[in-house]
Amino acid sequence: MDHYDSQQTNDYMQPEEDWDRDLLLDPAWEKQQRKTFTAWCNSHLRKAGTQIENIEEDFRDGLKLMLLLEVISEIVDGNVKMTLGMIWTIILRFAIQDISVEETSAKEGLLLWCQRKTAPYKNVNIQNFHISWKDGLGFCALIHRHRPELIDYGKLRKDDPLTNLNTAFDVAEKYLDIPKMLDAEDIVGTARPDEKAIMTYVSSFYHAFSGAQKAETAANRICKVLAVNQENEQLMEDYEKLASDLLEWIRRTIPWLENRAPENTMHAMQQKLEDFRDYRRLHKPPKVQEKCQLEINFNTLQTKLRLSNRPAFMPSEGRMVSDINNAWGCLEQAEKGYEEWLLNEIRRLERLDHLAEKFRQKASIHEAWTDGKEAMLRQKDYETATLSEIKALLKKHEAFESDLAAHQDRVEQIAAIAQELNELDYYDSPSVNARCQKICDQWDNLGALTQKRREALERTEKLLETIDQLYLEYAKRAAPFNNWMEGAMEDLQDTFIVHTIEEIQGLTTAHEQFKATLPDADKERLAILGIHNEVSKIVQTYHVNMAGTNPYTTITPQEINSKWDHVRQLVPRRDQALTEEHARQQHNERLRKQFAAQANVIGPWIQTKMEEIGRISIEMHGTLEDQLSHLRQYEKSIVNYKPKIDQLEGDHQLIQEALIFDNKHTNYTMEHIRVGWEQLLTTIARTINEVENQILTRDAKGISQEQMNEFRASFNHFDRDHSGTLGPEEFKACLISLGYDIGNDPQKKTGMMDTDDFRACLISMGYNMGEAEFARIMSIVDPNRLGVVTFQAFIDFMSRETADTDTADQVMASFKILAGDKNYITVDELRRELPPDQAEYCIARMAPYTGPDAVPGALDYMSFSTALYGESDL
């Protein structure tokens, strides 16, 4: 009993005349206390089956007092002052003294409880236990705060205290089992209501509602646990959906990348290449971000599950992070093969177009040459010819054979080109083969006809001796010269394809060498024309009847001059074509150097940033917030570097559009830069997420910065190199941590331990590492069985060993309070005590209760509580 209570008790022990004087001074005070204390006594005497009417008379014989004393174990005499004092002492002892609110007790504790419960209500200001209660709103507010369905508080008026008081007294007696200890008229009619009477009545409200406060605390604990579970389940659903969508996208994309159906035209294949560029630049980068975000979400979810003492999340079969990484690797492998195939197909089509055009040119020239040759070989002109004519026909035939032999090489070239087109799977191979076969068949026929005509001429050769040697010499020299000119025209009009400066320079050199032979060729032309002129001179001199034509050849001087003029015209055109191609190759070389200059800067820059991020993530400079700030500055600088990547993409597009397939000025390809850039973005995002999760763990577990530094130092001490194993030198370092005097060696950090490293670290910190115990710890720090322990998992384990987190037993005890100490809980109790969404969450997941005390609709909250923490199936 505090000072206030002691003082009040002493006041009731004053001399009787003081009591009488007080009574004479304030008769309302005695009336209020008499009524309140009488009601209080009757509330206890009901347990003995009796009651009192007059507090000072009914206690005189001691019978009812003995009954009361049997209930309250206090003895008083019949004096009204003593009786009231005794009863007040009883009330203080049994109704008020045990009240405690935030380390205050008795009167102060009861007053603080009233102030907190009525704080949200307008026109209610509880400062004492007398005039603060006169308007009745304080009593109504206490009832409405705990049982809002009993009073319509919005309709109460401060200027109607009698109605307010009577409403509160009637509702308390009818629904809360609180006796009507006060009269509304007494309170309203007294300037200062009796403080003890008010305290006595208010204490009944405190005791009536104390059970509700326990239920509220229990409900809050359950709400907190369920909210964590609902949030985690939503994160799991989000992960499953994002993983499914990403895997489905990969599943749809890989068949497209693996499609190797060739196109027939260069334009169609270039369109496929353009589609692939769009995929790499527009469609894939968002999926890279989704994959990175998926891994971040997975790590964050696992961290939250560990912090809330929940089992680790195991995604559905086929949707693990490792499954996604495997699928992603297949996607990138398909990308690489598809791009190589596209470039090879473009090269093949380019080669095919060149060969097909060359085939058509050579075939057209040959077909033009063979036109009429079969008819000429079938002529029977030698049968009626003179001797000179026969000799002329024979010489002419020899010249034809020479010409035929000269064309043999062209026929072989045509056949070789057709064969190559077939081997390269040219789309129009049937028409090429048909034309080639026709040429070969005609060639064989010409050979047979030529042989047959020669035999006929030789049979008559002995009859024909005269022949004009000059015509023969003309024919012999004109035929090869004509072939040379036709070959020159063919070569000068031949298309070419080159990819380097050296190749075009080689063609230019060959062309210059050709031009150097033109003076000698011109001399030969003049010599041939001189022979023809000599024949004309002989004919004119000797009046020989030669019918105006050379019997040995159809090549006329006009034809030679015409072809010669054509050759001279083709030479400068060839010069111009070579010059233009040389300029194009110079432009391509500039594109190569322009791309290489940027790529040789960007590639090392990406590698440097990766190394710097790695150092930041394992060094212990400053707080975690400092490291996070530093990493975010790095992330910003990396994002700001994106325009240079885009500029390099533009240069790369120009190179591909120019059909440039190699670059000797750099070892970096655009794909190298793309992959490096994507890895850089993913690495910085993962590193930031790891530090954020460390901050989340530190704050949730109350870990100090010094503890965090100690955890990092211990972790780094055993994480020695990038191999992920504990070698001899690493084991030596482990012995040092146990107190052995062994020299230290330089260490390299990876940010994670393998299984043996982690066991050594735990042993060094005092853990007893039996095989079973170590297997249990590894199942906590490595739930996915990857064979490594990350720093995040390490600090989670170190912090959870001493962390005070919710347990299944605590949640089970909270449900038992809501259930009224029963072994089961009903749907109505859940809906009354919990928010709607969390009540329905429990109802949907709780199994029916099957114990011997089960009632219809009973739910098993015990199995539900253990399932929340992974101790059974939910």
Side-chain angles (χ1 to χ4, degrees), residues 215 217-241 243 297-317 319-320 700-701 775-785 793 796-797 800-801 803-874:
T217 302
N220 288 338
R221 176 181 290 274
I222 292 174
C223 289
K224 173 185 174 184
V225 172
L226 294 179
V228 170
N229 236 48
Q230 289 172 313
E231 180 184 5
N232 290 341
E233 286 185 0
Q234 184 61 48
L235 289 174
M236 294 175 189
E237 292 175 4
D238 293 344
Y239 173 87
E240 290 285 342
K241 183 178 184 306
N297 290 351
F298 181 84
N299 293 335
T300 301
L301 172 59
Q302 298 292 36
T303 299
K304 289 187 176 182
L305 288 173
R306 287 192 293 270
L307 294 178
S308 59
N309 202 23
R310 302 303 197 274
F313 168 55
M314 293 297 293
S316 302
E317 184 177 358
R319 297 177 184 172
M320 297 286 291
K701 301 299 184 178
R776 182 190 71 82
I777 294 176
M778 285 304 300
S779 69
I780 296 174
V781 299
D782 184 20
N784 294 324
R785 299 179 180 179
D796 284 345
F797 172 77
R800 71 180 292 169
E801 292 298 299
D804 183 16
T805 57
D806 293 321
T807 65
D809 291 339
Q810 291 174 328
V811 175
M812 202 179 304
S814 298
F815 272 117
K816 192 163 189 176
I817 293 174
L818 298 187
D821 208 35
K822 300 190 296 295
N823 291 327
Y824 60 85
I825 193 167
T826 65
V827 171
D828 292 339
E829 287 171 336
L830 287 171
R831 288 175 174 161
R832 183 179 69 238
E833 301 295 346
L834 299 178
D837 61 331
Q838 296 186 338
E840 298 305 321
Y841 178 85
C842 293
I843 293 169
R845 288 164 173 76
M846 280 189 182
Y849 178 71
T850 58
D853 54 342
V855 299
L859 299 176
D860 187 354
Y861 63 78
M862 296 183 183
S863 63
F864 175 76
S865 299
T866 58
L868 286 176
Y869 290 87
E871 299 175 12
S872 64
D873 294 333
L874 187 59

Distance-only donor-acceptor hits, side chain of residues 849-861, under 3.5 Å, sequence neighbours excluded:
residue, atom, partner, partner atom, Å
Y849, OH, D853, OD1, 2.7
D860, OD1, M862, N, 3.1
D860, OD1, S863, N, 3.3
D860, OD2, S863, OG, 3.3
Y861, OH, K822, O, 2.5

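Note that CE of M846 is 6.0 Å distant from CD1 of I825, once rounded to the nearest 0.5 Å. Distance OG1/T826 to CZ/R832: 7.0 Å, rounded to 0.5 Å. We find the CD-OH distance between E829 and Y824 to be 8.0 Å, quoted to the nearest 0.5 Å. Going from atom OG of S308 over to atom CG of N232 covers 5.0 Å, rounded to the nearest 0.5 Å. One finds the CE atom of M236 at 10.5 Å from the CD atom of E231 (value rounded to the nearest 0.5 Å). We find the CD1-CG distance between I222 and L830 to be 7.5 Å, quoted to the nearest 0.5 Å.
Legend: residues meeting side chain to side chain donor-acceptor pair (under 3.5 Å) with K816, ordered by chain and number and at least two apart, are absent. For F298, the ring-ring contact (aromatic ring centres under 6.0 Å, His included) criterion is met by Y239, not counting sequence neighbours. For R831, the salt bridge (Lys or Arg N to Asp or Glu O under 4.0 Å) partners are E840, not counting sequence neighbours. By the side chain to side chain donor-acceptor pair (under 3.5 Å) test, N299 is found to be paired with no residue, residues two or more places apart in sequence or in another chain being considered. When the side chain to side chain donor-acceptor pair (under 3.5 Å) test is applied to Q234, the partners found at least two apart in sequence or on another chain are D238. Scored by the side chain to side chain contact (heavy atoms under 4.5 Å, CB included) test, M314 finds M320, N784 as partners (sequence neighbours excluded). Qualifying side chain to side chain contact (heavy atoms under 4.5 Å, CB included) partners for P848, counting only residues two or more places apart in sequence or in other chains: none. Partners of T300 according to the side chain to side chain contact (heavy atoms under 4.5 Å, CB included) rule, which considers only residues two or more places apart in sequence or in another chain, are I296, K304, N689, N693.
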Practice problem: Check step by step if side chain to side chain contact (heavy atoms under 4.5 Å, CB included) holds for Y841 and D837. | Solution: CA-CA 6 Å; Y841 178 85; D837 61 331; over 6 Å; no
Self-check item: side chain to side chain contact (heavy atoms under 4.5 Å, CB included) between R310 and V228, worked out
Solution: CA-CA 10 Å; R310 302 303 197 274; V228 170; 3.9 Å; yes
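With hydrogens and angles disregarded, a donor-acceptor distance shorter than 3.5 Å links the side chain of Q302 to the backbone of F313. No side-chain donor-acceptor contact under 3.5 Å links R306 to the backbone of A312. No donor-acceptor pair closer than 3.5 Å links the side chain of Q838 to the backbone N or O of P835.
For L305 against P311, the heavy-atom pair with the smallest separation is CD1-O, 3.5 Å.
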